[in-house]
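Worksheet: one structure, shown below.
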Protein chains: 2
Amino acid sequence: MAKISALEGPMSFSVETLREAGLRPTRQRISLAKLLFDGVDRHVTAEALHAEAQAAGIRVSLATIYNTLHQFTEVGLLRQVVVDGARTYFDTNIDDHHHFYFEDEGDLVDIPGDSIVVSGLPNVPAGTTQSRVEVVVRVKGRRRS
Amino acid sequence: MAKISALEGPMSFSVETLREAGLRPTRQRISLAKLLFDGVDRHVTAEALHAEAQAAGIRVSLATIYNTLHQFTEVGLLRQVVVDGARTYFDTNIDDHHHFYFEDEGDLVDIPGDSIVVSGLPNVPAGTTQSRVEVVVRVKGRRRS
DNA sequence: TCAATTATTTAGAACGGTTCTAAGGTGAAA
DNA sequence: TTTCACCTTAGAACCGTTCTAAATAATTGA
Ligand SMILES: [Mn+2]
Ligand SMILES: [Mn+2]
Ligand SMILES: [Zn+2]
Ligand SMILES: [Zn+2]
């Protein structure tokens, strides 16, 4: 139960979520989960989340940011998106969906999964199982203001 | 003109290709181009190509491998494929196509572009231009034999 | 309540793929 | 052949990420 905050927007995270995932609700995990899940869906890098935590006055090391992002991913609260070899993005939207990637800005924007149809996919080879179909639309240029 | 070899398979590369691209046909570039383009299409990493060159008795530094892969990409002889944050793949198939990615093996396999239809894509924002639509089918498990 | 146990956090070192630097080598033009 | 811009290279640097091991915090259960 235990609402984390009674004041800030849509309540999409509770301490129970962590317990059910087998993760102790530490100060760091609770704070980061609030940043990540109390609001609209987002795509973050480790360094960006670290900077955001600092700015919010949350004392947490970069190592813990990495640990937490990976643990949240393991338990299905986040997913990784690979669009750039230089950094890893983590996505709070775990529904089936796809992405625009704005190469000049390093920015991801969701494309709802049901707005795209991918047809004609070959079957996967014997002995293997398909885990996901990912569509990335790479975009160049700057969006207007 | 100048065929590179009269003996080894389909001739898909000539020194003229380099010259037309504004690249001097050096010993290293010619050798690497032969490895890359004289044969079926492939997906290579820098380190894998370096190992292959060594094994073939081609003396070339890793720095030159990176330089060459990037130069070939700039002039459109290769394209990059991003499927794994840990390493960069270069693809000799520059036609519009998509990929299976075998996560357990780190292996890419082509899906012909015309065998997949992606429909329902939203328009890109004003001020930007779509550069490519990439479909990656992630696959787990080992292929038989 | 409060040790005992176990999980978590952390600073800093290490890692690994990639890029950079600057010095020597090479291809092409004339 | 000379000249010069281009190219190659060893090794250092870079940088996002992972590892290590010691300190700290959450949980358990007497
Ligand atoms: Mn959500
Ligand atoms: Mn080809
Ligand atoms: Zn997303
Ligand atoms: Zn390919």
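In the text below, chain A, chain B and the rest are named by the order of the sequence lines, each starting its count at 1. Basis for what follows: all heavy atoms, side chains included, without hydrogens, waters or symmetry-related copies.
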### Task
Check whether any side-chain heavy atom of Asp91(A) sits under 4.5 Å from a side-chain heavy atom of His99(A), and report yes or no.
yes
### Toward the 5' end of DNA chain D, by each residue's nearest nucleotide, Asn67(A) or Glu47(A)
Glu47(A)
### Message
Checking contacts here: which listed nucleotide (dT9(D), dG12(C), dT27(D)) is nearest the side-chain heavy atoms of Ala63(A)?
### Response
dG12(C)
### Ring-face cation of Arg79(B) near Phe90(B) (centre distance under 6.0 Å, axis angle within 45°)
no
### Task
Starting from P on dC6(D), measure out to CD on Glu74(B) and report it in whole angstrom.
14 Å
### Query
CG of Leu62(A) versus P of dA11(C): gap in Å, rounded?
10 Å
### Task
Identify which nucleotide among dG17(C), dC7(D), dT8(C) has an atom closest to any side-chain atom of Thr26(B), counting heavy atoms from C-beta outward.
dC7(D)
### Query
Do NZ/NE/NH1/NH2 and the carboxylate oxygens of Arg42(A) and Glu52(A) come within less than 4.0 Å?
yes
### Task
Mind calculating the distance between CG (Leu23(A)) and P (dT27(D)) to the nearest angstrom?
11 Å
### Message
Tell me whether the side-chain N/O atoms of Tyr66(B) come closer than 4.0 Å to OP1 or OP2 in dT18(C).
### Response
yes
### Message
With a 4.0 Å cutoff (strictly under), does any side-chain N or O of Arg29(B) reach OP1 or OP2 of dT8(D)?
### Response
yes
#### Entry: Backbone N/O of Thr68(B) and side chain of His70(B): donor-acceptor pair under 3.5 Å
no
### Query
Between atom CZ in Arg87(B) and atom C1' in dG16(C), what is the gap in whole Å?
10 Å
### Query
Counting just side-chain N and O atoms, does His70(A) come under 4.0 Å of either OP1 or OP2 of dT18(D)?
yes
### Query
Is there a side-chain polar atom (N or O) of Gln71(A) under 4.0 Å from OP1 or OP2 of dT8(C)?
no
#### Entry: Arg19(B), nearest nucleotide to its side chain (from dA28(C), dT9(D), dT19(C))
dA28(C)
## Note on the structure
Regarding the side chain of Arg24(B), the nearest nucleotide among dC6(D), dT9(C), dA26(D) is dC6(D)
### Query
What about Phe100(A) and Val82(A), same hydrophobic cluster or not, with Ile/Leu/Val/Met/Phe/Trp/Tyr joined at side-chain heavy-atom distances under 4.5 Å?
no
### Query
In terms of side-chain heavy atoms of Ser61(B), which of dG27(C), dA7(C), dT9(D) is nearest?
dT9(D)
### Task
To the nearest Å, give me how far apart CD1 (Ile30(A)) and P (dT8(C)) are.
12 Å
### Summary
Here the distance between atom C1' of dT18(D) and atom CG of Leu69(A), to the nearest Å, is 14 Å
### Task
Find the distance Arg59(A):CZ to dT24(D):C1' and express it as a whole number of Å.
12 Å
### Query
Which is true for Thr64(B) with a 4.0 Å heavy-atom rule: it touches a base, it touches only sugar-phosphate, or it touches nothing?
base
### Query
Starting at CG of Leu49(B) and ending at P of dG17(C), how long is that distance when rounded to a whole Å?
15 Å
### Query
Is the phosphate of dT26(C), meaning OP1 or OP2, less than 4.0 Å from a side-chain N or O of Arg27(B)?
no
### Message
If we ignore hydrogens and angles and just use 3.5 Å, is the side chain of Tyr89(A) paired with the main-chain N or O of Gly106(A) as donor and acceptor?
### Response
yes
### Query
Which residue lies toward the 5' end of DNA chain C, Thr45(B) or Gln28(A), if each is placed at its nearest nucleotide?
Gln28(A)
### Query
Pick the nucleotide of DNA chain C nearest each of Tyr89(B) and Pro25(B); which residue has the one closer to the 5' end?
Tyr89(B)
